[in-house]
Structure formats: C-alpha cells, structure tokens
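Encoded as structure tokens, the structure appears first; notes follow it.
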Amino acid sequence: MENVRIVAAPREGGILAHLTTARWIVPALFALTLGVRVALILVWPQTPFSDGAWYLLRATELAQGMGYQEAGHPTAFWPVGFPGLLAGSIWLTGSAVLGPMLVNLLAAAATLALILWLAAALGAGLAAGRIAGLLYALYPANVVYAGAPLSETASTAVAIAAFALLIAGRRRWPLLVASGLMFGVATLMRAQLLFFPVGGVVALLLVYRDLRWRDGLRALLIVHVAMAAVILPWTLRNERALGSPVLVSTNGGIALFTGAYDGATGDWTGWETTPVWDRSGIGYDQRVERQVELNDRFQSLAKGWIVAHPLRWTALGVKKMALLWRKDSDAFWSMHESYPDEERGWTIVAVVDQLYYFAILLLAVPALVVGGRGIVRRDADTRLALLGCMPAFVTLTAFAFTGQIRYHFPAMPFLIVAAGWTLARWLSRRSGYDRPAA
C-alpha cells in the first residue's frame with residue numbers, strides 16, 4: 001500500500017492560530033523590542049565602562065577628524081568597524097550619547113526583523129518566528145547591551161544579515177555580492193567572522209540537496225571577492241600607518257596567547273598586568289606604539305606553547321567551550337559599575353536573565369537535533385540545521401582562543417529561533433494542529 005501523508009487539521013481559534021493570523025503582532029513586537037530598550041536607556045543610562053569607554057573615545061576622535069589612534073599613535077588593536085560606525089552616528093547627530101544609542105536601537109530592530117525572516121526561510125514557521133520575536137524582545141541581557149556603547153548588538157545584526165543574504169542568494173550573484181560586503185563589514189567589527197563564510201557554505205551544501213559543490217565554490221569566490229573590497233582598504237591603511245599589512249586588527253596574537261600559556265584558565269584573567277606580560281620583552285607602556293611587534297611576539301609564544309603542549313591545549317580548549325556557555329552575565333557588569341548602590345537589584349535581574357538564558361538553550365536543543373538528524377538521514381527538511389551554524393562557530397572560536405561568555409552573544413538570535421520552533425510545536429500539539437484529519 002502506498003504511503004499517504006496525513007495532513008493535520010488545525011482547530012479554529014487558540015493561541016497558535018492567533019499567532020499566525022493576527023496582523024498586529026509583528027508591529028507590537030517591534031514596539032515592545034524598542035520600547036523596553038528605550039525605557040532602560042532613559043531610566044538607567046549606563047556610564048561607558050571598559051571596552052565601551054575605549055570604543056566611545058576612539059569614535060569621538062574619529063568624528064573630530066583625529067583618525068583611528070590612541071595616545072597619539074595610529075592603532076588597529078581593536079577592529080575599526082564599530083568605532084567607525086559610532087563615529088558616523090556622532091557626526092550625524094552631534095551627540096556622543098544619542099548617536100551610539102540610535103545605532104544599538106536600529107541594530108535591535110534589524111535583529112528582530114532577521115529573526116522573523118530566519119524562522120520563515122528555514123521552515124520553522126510563522127508562529128515560531130513570532131514566539132522567537134517575543135523571546136528576543138524580552139531577553140534581559142540583550143536589553144541591557146542596547147544601553148552600552150559595545151559592539152555586540154551592532155556586529156551581531158550585521159553578521160546575521162550577511163548570513164541571511166548567503167542563504168537567500170545561494171545561486172544569485174547579486175545577493176552573494178551583498179552577502180560578501182556585509183561579511184566584510186562584520187569582519188571589521190569582529191575579526192574572527194572572516195572565517196565564517198567557509199563554514200556557512202559547507203552547511204548550505206549539506207542542507208540544500210540541489211546545491212552542488214561547484215555552486216558552493218562559486219558562492220565562496222563571489223563572497224570573498226566582495227569581502228576583500230571592504231577589508232583591503234583598511235589593510236592598506238595599516239600598511240601605511242603601522243608599517244605592516246595587518247589584515248584587520250593587531251590583537252590576534254594576544255587573544256591566542258590568553259588561551260595558550262602555562263597559567264591560562266580558558267577565560268579572561270587580566271594577565272596583562274602581571275609578570276606574564278614580560279615574556280614579550282615589550283613594556284606594557286609601549287603596547288600601542290609597538291603593537292604590531294607585540295602581536296607577533298605573543299602569537300609566536302602561543303604557537304610555541306601549543307606545539308609543546310598539544311594535549312594540554314586540547315583539554316584547555318574543551319574547557320573553553322564549556323566556559324563559553326556556562327552563564328550569561330557579562331551585560332550586567334556595566335550596570336553594576338554605573339549603579340553600585342543598586343547592586344542587589346541588578347544581581348536579581350542577572351539571576352532572572354540566567355534562568356531565561358538556560359531556558360532558551362534547553363528549548364533550542366530539539367530544533368537543532370531535528371535539523372541535524374535530517375542531514376544524517378537525508379529524509380527530511382534539514383533547514384533547521386542552519387540555526388546551528390553560528391553556535392558551532394562561536395564554540396570553535398572559543399576552543400582556539402578563550403571561553404569569555406560574551407562571545408556567545410552572536411549565536412543567541414539563532415538559538416532563540418530554535419527555541420521558538422520548540423514552543424510553537426508544543427502549542428501546536430496542545431491546540432490540535434498535529435492531530436490527523438478525519
């Protein structure tokens with residue numbers, strides 16, 4: 001007897017039906033996403049702290065025409081993309097407060113739009129996308145990040161947009177060019193994203209059965225040529241300003257060394273202010289003017305340690321991957337710094353966020369399992385597996401460098417979509433959507 005596919009007969013009404021038909025939900029999601037972030041910015045404005053203070057100072061100098069420099073020396077220690085974006089916002093608005101906050105709000109709105117698009121494009125469904133949108137709108141850590149001049153919110157939006165264009169433009173060269181340009185911008189914000197397109201194309205080849213290896217190689221070529229058009233001008237600037245063709249930034253060696261020396265814990269430890277720094281032979285007070293040389297020396301030290309201790313480095317890499325996902329509290333450092341008298345209140349919010357974060361991780365697992373199982377069996381829609389690309393990428397990055405918890409930030413929108421799929425499926429079963437028609 002020929003197999004017959006049984007199509008579910010949905011019940012009328014119910015939460016799931018309302019989620020898929022009500023037109024007001026999407027505008028409400030955008031209003032909620034922006035509303036809670038604006039409220040936080042107005043009620044609890046954050047004092048720029050640590051990385052955020054550095055970014056904002058560099059952006060202000062750029063906006064004033066001073067160039068990308070530190071203490072009078074040209075720099076490329078941190079990627080120029082985010083300070084450059086902030087500088088543009090300051091130049092347009094005339095405010096070092098309003099401009100950066102508008103950047104984060106626009107990035108949050110763009111991320112929400114991309115979450116809705118990913119849910120539809122990867123087969124999660126309309127209801128899953130809207131549930132995911134609600135999860136994103138109320139995600140405490142993401143809300144708090146929107147109030148600080150940090151690169152996480154903007155760089156994540158650009159990276160997701162680049163990947164979305166890669167998915168949509170598998171065989172369409174104009175979209176592939178756009179994807180490459182966006183990946184170029186994302187790389188100038190987060191240097192490690194330089195390596196993402198290769199893994200992304202391999203994932204596309206596994207998921208889309210009609211995509212051939214020749215199509216994948218063509219896509220990689222187009223994407224990387226477009227990326228080069230964005231990145232190489234900055235590399236040429238570095239050749240002129242620093243005397244070395246630094247591709248993006250000069251902190252790669254230090255980042256590698258942080259996770260590859262005798263005292264490495266797998267996390268950030270502030271070793272720069274300890275005698276460990278002296279191994280470079282360059283004084284800490286010379287870290288700006290001799291940054292290229294410093295980068296090379298720490299990179300050499302790290303590689304030497306890895307070659308001498310391959311098993312220890314591998315074990316440490318596994319630890320780094322675990323550290324990456326252990327908690328979700330980095331966003332609240334700035335709040336503790338800005339409001340020390342409200343320490344207890346923000347600690348409670350951080351605990352709530354941790355529970356929220358763990359719930360997202362647990363809810364995301366079924367979708368990723370279904371997508372991965374589809375690839376292995378080759379007997380089902382495998383598009384959900386693409387939601388695992390960014391989580392896998394940041395995990396591998398942690399293995400090579402450090403397991404700082406903020407590095408999982410770019411993966412969270414993808415996991416939120418996966419969590420939305422799980423919740424939508426649960427609601428579907430409860431409302432009768434999965435029950436066979438008579």
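- Within 6.0 Å of CH2 in Trp313 there are more than 12 heavy atoms belonging to other residues, nucleotides or ligands.
- Judged by distance alone, the side chain of Thr235 and the main-chain N or O of Pro245 form no donor-acceptor pair under 3.5 Å.
- Side chains of Leu323 and Ile405 form no contact here, defined as non-hydrogen atoms less than 4.5 Å apart.
- For the pair Phe409/Thr156, a side-chain contact is recorded, criterion being any heavy-atom separation below 4.5 Å from C-beta on.
- Distance check, rounded to the nearest 0.5 Å: CG of Leu62 to CD1 of Ile90 gives 9.0 Å.
- Side chain of Ser89 to backbone of Leu86: a donor-acceptor contact under 3.5 angstrom is found.
- A donor-acceptor pair under 3.5 Å links the side-chain atoms of Lys320 to the main chain of Phe399, judged by distance alone.
- Two residues are said to be in side-chain contact when any heavy atoms from C-beta on lie closer than 4.5 Å; Leu114 and Pro413 fail this criterion.
- Aromatic rings from Tyr68 and Trp234 are positioned such that their centres are separated by under 6.0 Å.
- Note that the OG1 atom of Thr397 and the CE atom of Met390 stand 9.0 Å from one another [nearest 0.5 Å].
- Using cut-offs of 30° and 60° on the angle between ring planes, the pair His408 and Trp325 is parallel.
- Scanning all heavy atoms of the two residues, the minimum distance from Leu316 to Gly259 falls at CD2-O, 3.3 Å.
- The minimum heavy-atom distance linking Ser338 with Pro45 is given by the pair CB-O, 4.5 Å.
- Looking only at atom types and distance, the side chain of Thr75 has a donor-acceptor partner in the side chain of Gln291 under 3.5 Å away.
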Validation: residues 140-149 side-chain donor-acceptor distances under 3.5 Å, sequence neighbours left out:
{"residue": "Asn142", "atom": "OD1", "partner": "Arg37", "partner atom": "NH2", "Å": "3.2"}
{"residue": "Asn142", "atom": "OD1", "partner": "Tyr136", "partner atom": "OH", "Å": "3.3"}

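- Remark: side-chain polar atoms of Lys327 are not paired, donor with acceptor, to backbone N or O of Gln354 under 3.5 angstrom.
- The side-chain heavy atoms of Ile222 and Val177, taken from C-beta on, include a pair separated by under 4.5 Å.
- The two residues Ala128 and Ala119 have their closest heavy-atom pair at C-CB, 4.4 Å.
- In this structure, Leu423 CG and Arg425 CZ are separated by 12.5 Å, a value rounded to the nearest 0.5 Å.
- Under the rule for a salt bridge (Lys or Arg N to Asp or Glu O under 4.0 Å), the partners of Asp215 that lie at least two apart in sequence or sit in another chain are Arg171, Arg212.
- Heavy atoms from other residues, nucleotides or ligands lying under 6.0 Å from CZ of Phe195 number 12 at most.
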With side chain to side chain contact (heavy atoms under 4.5 Å, CB included) as the criterion, how do Leu32 and Leu134 come out once you've worked through the C-alpha distance, each side chain's angles and the decisive distance to 0.1 Å? CA-CA 8 Å; Leu32 180 63; Leu134 180 61; 3.7 Å; yes

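- Taking the six-membered ring where tryptophan is involved, the planes of Trp78 and Trp54 are perpendicular, since the angle between them exceeds 60° and thus also 30°.
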Thr422 and Val365: CA distance, side-chain angles, deciding distance, side chain to side chain contact (heavy atoms under 4.5 Å, CB included) verdict: CA-CA 8 Å; Thr422 302; Val365 170; over 6 Å; no

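- Annotation: Phe298 is in aromatic contact with Trp277 [ring centroid separation under 6.0 Å].
- Proximity of Arg373 to Val370: side-chain heavy atoms (C-beta onward) are separated by under 4.5 Å at one or more points.
- Under a 3.5 Å cut-off, the side chain of Ser179 and the backbone N or O of Leu165 do not form any donor-acceptor pair.
- Distance check: Asp267 CG to Arg326 CZ gives 4.5 Å after rounding to the nearest 0.5 Å.
- In this structure the side chain of Leu112 never reaches within 4.5 angstrom of the side chain of Leu34, judged on heavy atoms.
- Across all their heavy atoms, Glu152 and Ser155 have their closest contact at O-OG, 3.4 Å.
- Distance alone, capped at 3.5 Å, is enough to place a donor-acceptor pair between the Thr33 side chain and the Leu29 backbone.
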Assess the residue pair Met412 and Tyr139 against the criterion (side chain to side chain contact (heavy atoms under 4.5 Å, CB included)); give the C-alpha distance rounded to whole Å, side-chain angles, the decisive distance to 0.1 Å, and a yes or no. CA-CA 10 Å; Met412 293 311 297; Tyr139 181 15; 3.7 Å; yes

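- The minimum heavy-atom distance between His224 and Leu194, with the atom names listed, is NE2-O, 4.4 Å.
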One pair to check against side chain to side chain contact (heavy atoms under 4.5 Å, CB included): Asp296 and Val292. What are the steps and the verdict? CA-CA 6 Å; Asp296 293 341; Val292 174; 4.1 Å; yes

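- The side chain to side chain contact (heavy atoms under 4.5 Å, CB included) test with Val201 singles out one residue from Leu220, Leu217, Leu211, and that residue is Leu220.
- Side-chain rings of His309 and Trp305 approach one another, their centers coming within less than 6.0 Å.
- Partner of Leu415 under the side chain to side chain contact (heavy atoms under 4.5 Å, CB included) criterion, chosen from Leu368, Leu363, Leu387: Leu368.
- Side-chain contact check for Leu135 versus Tyr356: some heavy-atom pair is nearer than 4.5 Å.
- For Trp44, the CH2 atom is loosely surrounded, since the number of other residues' heavy atoms within 6.0 Å does not exceed 12.
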Evaluate Asn251 against Ser249 for side-chain hydrogen bond (donor to acceptor under 3.5 Å, both in side chains), listing each step before the verdict. CA-CA 6 Å; Asn251 68 0; Ser249 64; 3.1 Å; yes

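- In this structure, Arg287 satisfies the cation-pi test against Tyr284, with its NZ or CZ atom closer than 6.0 Å to the six-membered ring centre and inside 45 degrees of the ring normal.
- With hydrogens and angles ignored, the 3.5 Å screen pairs no side-chain donor or acceptor of Thr250 with any backbone N or O of Asn295.
- With a 6.0 Å cutoff to the six-membered ring centre and a 45° limit on the axis angle, Arg170 counts as a cation-pi contact of Tyr208.
- Counting only distance, with no hydrogens or angles, the side chain of Thr274 and the backbone of Gly270 share no donor-acceptor pair below 3.5 Å.
- Under the 4.5 Å side-chain criterion, counting only non-hydrogen atoms from C-beta, Leu40 is in contact with Gln46.
- At a cut-off of 3.5 Å, with distance as the only test, a side-chain donor of Thr258 or Trp271 sits close to an acceptor on the other residue.
- A distance of 9.0 Å separates SG in Cys389 from CG in Leu206, rounded to the nearest 0.5 Å.
- The shortest heavy-atom contact between Gly129 and Leu116 is O-CD2, 3.3 Å.
- A distance of 4.5 Å separates OG1 in Thr402 from OH in Tyr407, rounded to the nearest 0.5 Å.
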